Amino acid sequence: MRALGLALVLAGCAHAGGEPAGPPDLRAVATVAAPPQAALYAGCLADATAHAAYAHEVDHDSSMLLFTCTGDAARAFFDGLADYSARIGSQVVSGGRTIRSTAKVRHDLYGVDYCVRDAATYSCTVTLNVGAFVP
């Protein structure tokens, strides 16, 4: 499926003119059942929403909403990242804090979903790219 998606993206990039040939396809996007990791995101977003723990950040041409969960939702997400983060090298221990992220951090945490364990507390931040709709 990924190879087909990549082929479609590359074919779309190769299309001359860059404009669609016809009207947009407005059918709902096909989906499949979400993997277990999706529940970690859902739990974190629910916790952040329940506590109004979200903020807005703009950097260059990006506009992001950052949802921050704590407590059980954050601990579950942090623990759920353990094997994956170790495998991709995205766990960092610094100043008594352990940070695990869903992608390897190249420059900073902007746009990266991550969790932090600091002593006995946990927090996770999930980013949502909202584009120009949220200025």
Side-chain angles (χ1 to χ4, degrees):
M1 185 68 179
R2 288 183 189 216
L4 175 60
L6 180 58
L8 291 173
V9 168
L10 293 175
C13 292
H15 179 71
E19 292 295 321
D25 182 351
L26 301 177
R27 291 177 290 176
V29 175
T31 62
V32 297
Q37 298 90 330
L40 300 173
Y41 277 92
C44 188
L45 290 170
D47 180 83
T49 302
H51 294 97
Y54 44 90
H56 181 233
E57 185 173 24
V58 178
D59 183 27
H60 306 293
D61 61 350
S62 297
S63 178
M64 303 268 201
L65 289 179
L66 284 70
F67 294 83
T68 301
C69 62
T70 57
D72 291 340
R75 183 179 183 142
F77 205 144
F78 181 87
D79 291 346
L81 277 171
D83 292 338
Y84 178 79
S85 188
R87 188 170 63 248
I88 69 166
S90 68
Q91 176 172 301
V92 177
V93 178
S94 176
R97 298 180 340 152
T98 301
I99 301 169
R100 294 178 179 161
S101 58
T102 59
K104 199 160 185 171
V105 176
R106 297 183 193 274
H107 176 65
D108 57 28
L109 291 172
Y110 186 81
V112 176
D113 299 334
Y114 64 93
C115 294
V116 177
R117 181 182 65 206
D118 187 358
T121 63
Y122 295 83
S123 69
C124 295
T125 300
V126 173
T127 61
L128 175 64
N129 185 345
V130 293
F133 178 68
V134 181

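In this text the structure is predicted, and so the values were computed from the model without any measurement.
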Exercise. What distance do Gln37 atom CD and Thr102 atom OG1 have between them, rounded to the nearest 0.5 Å?
Worked result: 11.0 Å
Exercise. Does atom CG of Asp59 have more than 12 heavy-atom neighbours from other groups under 6.0 Å away?
Worked result: yes
Problem set entry | Atom pair CG/CG of Leu40 and Leu81 - distance to nearest 0.5 Å | 7.5 Å
Exercise. Within the side chain of Thr125, is there an N or O that forms a donor-acceptor pair under 3.5 Å with the backbone of Leu66?
Worked result: no
Seminar exercise, completed: Tightest non-hydrogen contact, residues Val105 and Leu109, listed as CG2-CD2, 3.6 Å
Exercise. With a 4.5 Å limit on heavy-atom distance, are the side chains of Thr127 and Asp113 in contact?
Worked result: yes
Exercise. Applying the 4.5 Å side-chain criterion to the ILVMFWY set and letting contacts propagate, would Val32 and Val29 be lumped into a single cluster?
Worked result: no
For this session: List the atom of Ser90, the atom of Ser101, and the distance in Å for their closest heavy-atom pair.
Result: OG-O, 2.7 Å
Problem set entry | Separation between OG1 of Thr98 and CZ of Arg117, rounded to the nearest 0.5 Å | 4.0 Å
Seminar exercise, completed: Residues Val126 and Leu45: closest non-hydrogen pair is CG1-CD2, 4.2 Å
For this session: Report yes or no: does Arg100 contribute a side-chain atom to a donor-acceptor pair with the main-chain N or O of Phe78 at less than 3.5 Å?
Result: yes
For this session: Compare every heavy atom of Asp118 with every heavy atom of Arg97, then report the nearest pair and how far apart it is.
Result: CG-CG, 3.7 Å
Seminar exercise, completed: Closest heavy-atom pair, Ala74 versus Cys115, reported as atoms and distance to 0.1 Å, is O-SG, 4.4 Å
Exercise. Can you check whether Leu65 reaches Tyr54 side chain to side chain, under 4.5 Å on heavy atoms?
Worked result: no
Exercise. Between Phe77 and Tyr41, how do the two ring planes meet: parallel, tilted or perpendicular, split at 30° and 60°?
Worked result: perpendicular
Exercise. When you take the SG atom of each Cys, Cys124 and Cys69, is the space between them under 2.5 Å?
Worked result: no
Problem set entry | Donor-acceptor under 3.5 Å (Ser63 side chain, Val134 main chain) | yes
